[in-house]
S.K.: 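For reference, the structure I am asking about is given below.
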Amino acid sequence: MALVKYIFVTGGVASSLGKGIISASLAKLLQARGFSVTIQKLDPYINVDPGTLNPYEHGECFVTDDGAETDLDLGHYERYLNVPTSQANNVTTGRIYQEVINKERRGDYLGETVQVIPHITDEIKRRIKLLGNSGKFDFIITEIGGTVGDIESLPYIEAVRQMRWEMGTSCLVIHLTLVPYLAAAGELKTKPTQHSVKALLELGVQPDIIVCRTEKHLNEGMRNKIALFCNVDPTAVIESIDADSIYDVPLLMHEEKLDLEVLDKMKMPSEKEPDLNSWYEFLHKLKNPEGEITIGLIGKYVELKDAYKSINESFVHAGAVNQYKVKVKSIHSEHISPETVAESLKGLHGILVAPGFGSRGIEGKIEAIRYARESKIPFLGICLGMQCAVIEFGRNVLGLTGAHSTEMAPDTPFPVIDIMEEQKQIHEMGGTMRLGSYPCKIEQGTKTFEVYNTDLISERHRHRYEFNNKFLAEYQKSGMKTPGINTLNNLVEIIELADHPWFIGVQFHPEYKSTVANPHPLFVNFVKAAIIYSKNKPD
Ligand code: GLN
């Protein structure tokens, strides 16, 4: 096999410029040219993984098949490439130091002083090369979190410098910067880009390609100026203009010839044009909707754009399949009460109750579910959303007054959701939930079977609590079916209502598996049900 190629993506000037989207877009273009590509994110914080981070800190926590709790950028990588990522695709400073300190305690460095260079940088390089050594990939794209100049990212940039030196053209650095438009001056400014490249140069890294995030087109003169001041070819100055949709970015990068520039610099064949037909088809359907529906997303982090990232993206994919625009209306569950529920949920064609932890806003979620059940509005409950559906049914249909989850009410008389047996002895918080993929058997003749059209599925989990099987018979007798069971341990993974056009709750997270090439059937079908509902009941 040819030598594995390593591409690094660093960022400068400001955070949130979209390094993840640029990395995923480049990966998509290389994949569409027939190369095998994976993307890795290196995060400079000390948490061992983002699993313990509050969504206010870092947005959604994404979960991989192998149970890694990761940065949300891995979700983008999977959505673009349709290739699963793993633990190796997300590494934090905490994990690097943990490994080095464990080695030191074991005596692996006996006699040596353990230092940032070479021990920490060696461990960073080992983690980068782990993916390359797997033999599965032609390209490893590594996104360095944070902004050049941050104290935290220094060891990562140093590792990049060393790899660049060791590997020559098998290693390439792309620097993403901002070219701001100053309205008062009426022009774009290149100075921040120059400064940011200088900061990188001070650390010994010369970028090969500069991607300029901008809200207005760069002209020839500006490209030449950036090229001159930053020691790159004018063809290596790539414009990344604000796009309507993140899914436009691969095409924009292709127009700017980012993929060609990369292949050229890495001495790789580039005769074949990328095959982007299915991507174009997806975009066509996305941009030419035949109608519009509104789904209510009931959660407690609604003011945060990134807290339910994968759910929002799953609706984009499902909307495209149905060629319908899906407007997602975020509704704070703390604002929903028996008095306000009808008003709060007015005009919705579907209701999704989001995953979550803790008791804040829980009664609003339960109330929204009662409304969806009684009004026969399509409903999808994910993880905590499914648990709330079980609580609601227990209280309002089975008459189990005070039914609850022991997460919120340890002393409830009816613990219809209870902690999993294997979780009872666990006291540490990091990486200890039921995480990653588990198989689930689907019962034929159910709505869920119609959705999946197969009797064995595998979905990703992230929770500690579960449906309490002591109540199973009572629920089933009264019309709550349990069409999805984990046959290994008998856990209820899916619930649905017999007497409702579309009411499904899942203990797992379908949103982690929806991709452009493979939109998740639950979202596709839920959107379809909402479209039918909107046609029968126009508001
Ligand atoms: N808090 C619930 C549990 O731990 C649900 C978790 C979730 O929604 N991801 O079981």
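Whatever order the structure lists them in is the order used to number ligands and atoms, beginning at 1. Numbers here simply count residues along the sequence, with the first being 1.
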S.K.: Looking at I531, is its backbone amide N or carbonyl O close enough to the side chain of H349 to form a donor-acceptor pair, meaning the two atoms are under 3.5 Å apart?
M.R.: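 Side chain of H349 to backbone of I531, a donor-acceptor pair under 3.5 Å: no, none is there.
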S.K.: Could a heavy atom of E466 be found less than 4.0 Å from some atom of ligand 1?
M.R.: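 No.
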S.K.: Nearest protein heavy-atom contact for atom 2 (C) of ligand 1: which residue, which atom, what distance?
M.R.: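 Ranked first by proximity to atom 2 (C) of ligand 1 is E407 OE1, 3.2 Å.
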S.K.: G356 to ligand 1: N or O pair under 3.5 Å?
M.R.: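 Min N/O separation from ligand 1 is below 3.5 Å for G356.
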S.K.: Starting from atom 9 (N) of ligand 1, what is the nearest protein heavy atom, named by residue and atom, and what distance separates them?
M.R.: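 The closest heavy atom on the protein side is R462 O, 2.9 Å.
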S.K.: For atom 7 (C) of ligand 1, what is the closest protein heavy atom, and at what distance to 0.1 Å?
M.R.: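 Looking at atom 7 (C) of ligand 1, the protein heavy atom closest to it is C383 SG, 3.0 Å.
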S.K.: Say whether Q507, considering both its backbone and side-chain N or O atoms, lies within less than 3.5 Å of an N or O atom on ligand 1.
M.R.: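 No; every N/O pair is 3.5 Å or more apart.
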S.K.: If you measure from the Lys or Arg side-chain nitrogens to the Asp or Glu carboxylate oxygens, is any gap between E443 and K481 under 4.0 Å?
M.R.: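 Salt bridge absent between E443 and K481.
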S.K.: With the threshold set at 4.0 Å, does a side-chain nitrogen-carboxylate oxygen contact exist between K477 and E474?
M.R.: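 So K477 does not pair with E474 through a salt bridge.
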S.K.: Look at atom 10 (O) of ligand 1 and say which protein heavy atom is nearest, naming residue and atom and giving the distance to 0.1 Å.
M.R.: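 Result: Y465 N, 2.8 Å.
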S.K.: Quick test: of every protein heavy atom, which one is nearest to atom 4 (O) of ligand 1, and how far off is it to 0.1 Å?
M.R.: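 Here the closest protein heavy atom is R464 N, 3.0 Å.
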S.K.: Considering the heavy atoms of H463, write down every atom of ligand 1 situated less than 4.0 Å from one of them.
M.R.: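 That gives atoms 3 (C), 4 (O), 6 (C), 10 (O) of ligand 1.
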S.K.: Taking NZ, NE, NH1 and NH2 as the nitrogens, is one of them in E290 or K535 under 4.0 Å from a carboxylate oxygen of the other?
M.R.: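 Answer for the salt bridge query: no.
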S.K.: If you count the atoms of ligand 1 from 1 in the order shown, which ones are under 4.0 Å from a heavy atom of H509?
M.R.: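 Numbered from 1, ligand 1 contributes 9 (N).
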S.K.: Between ligand 1 and M433, is the shortest N or O to N or O distance under 3.5 Å?
M.R.: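 No, there is no polar N/O contact under 3.5 Å.
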S.K.: If you count the atoms of ligand 1 from 1 in the order shown, which ones are under 4.0 Å from a heavy atom of F357?
M.R.: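 Heavy-atom distances to F357 below 4.0 Å select 1 (N), 4 (O), 6 (C), 7 (C), 9 (N).
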S.K.: Salt bridge or not for E334 and R360, using N-O below 4.0 Å?
M.R.: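 Counted as a salt bridge, because a side-chain N and a carboxylate O are separated by less than 4.0 Å.
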S.K.: Decide yes or no for V63 and H509: does some side-chain heavy atom of the first lie under 4.5 Å from some side-chain heavy atom of the second?
M.R.: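 Heavy-atom side-chain distance check fails, nothing below 4.5 Å.
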S.K.: Are K103 and E123 close enough for a salt bridge, meaning some N to O gap below 4.0 Å?
M.R.: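 Here K103 pairs with E123 in a salt bridge, since their nearest N and O are under 4.0 Å apart.
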S.K.: Specify whether F471 and Y475 have parallel, tilted or perpendicular ring planes, treating 30° as the upper limit for parallel and 60° as the lower limit for perpendicular.
M.R.: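 Perpendicular.
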